[in-house]
Amino acid sequence: ESKMAGSEIISNPAPININGYSGLAYTVRGLGTFKNIILQSSNQKMFMVIYYNVVDPGKLGFQDTIDEILSSFRFKV
């Protein structure tokens with residue numbers, strides 16, 4: 001179990017690929033449960049940290065919207 005500033009990491013970092021960029025994703029619980037994604041640019045000179053929390057009790061497809069947004073991400077190099 002890892003702690004970070006009043007939060008705890010509740011899933012091990014796992015490889016992720018978003019729009020051709022490699023990175024890691026893990027889940028943190030603190031004031032809510034958040035998915036954290038770290039992506040690295042192709043030239044390895046930049047990285048992006050993305051935090052998000054999706055609660056969709058009405059099953060309205062909020063995660064689909066997040067996935068669509070993430071699939072459009074690009075580093076401007």
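The figures that follow rest on heavy atoms only: side chains count, while hydrogens, waters and symmetry mates do not.
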Would you confirm whether T27, through its side chain, and S11, through its main-chain N or O, come within 3.5 Å as a donor-acceptor pair?
-> no
Note, S22 side chain near N17 side chain (heavy atom, < 4.5 Å) | yes
Is there side-chain contact between T65 and E68, with at least one heavy-atom pair below 4.5 Å?
-> no
Answer with yes or no whether the hydrophobic clustering places I38 together with Y51; edges join I, L, V, M, F, W, Y residues whose side-chain heavy atoms lie under 4.5 Å apart.
-> yes
Do N19 and R74 come within less than 4.5 Å of each other through their side chains, counting heavy atoms only?
-> yes
Side chain of N36, backbone of Y26: donor and acceptor closer than 3.5 Å?
-> no
Might you point out which heavy atoms bring G30 and S7 nearest each other, and give the distance in Å?
-> CA-OG, 3.8 Å
For F73, does the CZ atom have more than 12 heavy-atom neighbours from other residues, nucleotides or ligands under 6.0 Å away?
-> yes
Using a cut-off of 6.0 Å, state whether more than 12 heavy atoms not belonging to N12 lie near its atom CG.
-> no
So if you build clusters from Ile, Leu, Val, Met, Phe, Trp, Tyr with side-chain heavy-atom gaps below 4.5 Å, do F34 and I9 land together?
-> no
Do you know the tightest heavy-atom contact between M46 and K76?
-> CE-O, 3.7 Å
Report yes or no: do L24 and L39 belong to one cluster of Ile/Leu/Val/Met/Phe/Trp/Tyr joined by side chain heavy-atom distances under 4.5 Å?
-> no
Do P57 and V55 come close enough that some side-chain heavy atom pair is under 4.5 Å?
-> yes
Side-chain contact, heavy-atom cut-off 4.5 Å: S42 with Y21?
-> yes
Taking atom CG of L31 as the centre, report whether more than 12 heavy atoms of other residues, nucleotides or ligands fall under 6.0 Å from it.
-> no
Can you check whether G61's main-chain N or O pairs, donor with acceptor, with D56's side chain at less than 3.5 Å?
-> yes
Looking at side-chain heavy atoms only, is the closest gap between I37 and V49 below 4.5 Å?
-> no
With the side chain counted from C-beta on, respond yes when T33 and I10 share a heavy-atom pair under 4.5 Å apart, and no when they do not.
-> yes
Could you pull out the closest heavy-atom pair between F75 and Q40, with the gap in Å?
-> CE1-C, 3.6 Å
So if you build clusters from Ile, Leu, Val, Met, Phe, Trp, Tyr with side-chain heavy-atom gaps below 4.5 Å, do M48 and L70 land together?
-> yes
Side-chain heavy-atom pair Q63, Y52 within 4.5 angstrom cut-off | yes
OG of S72 to CG of D67, rounded to nearest 0.5 Å, is 11.0 Å
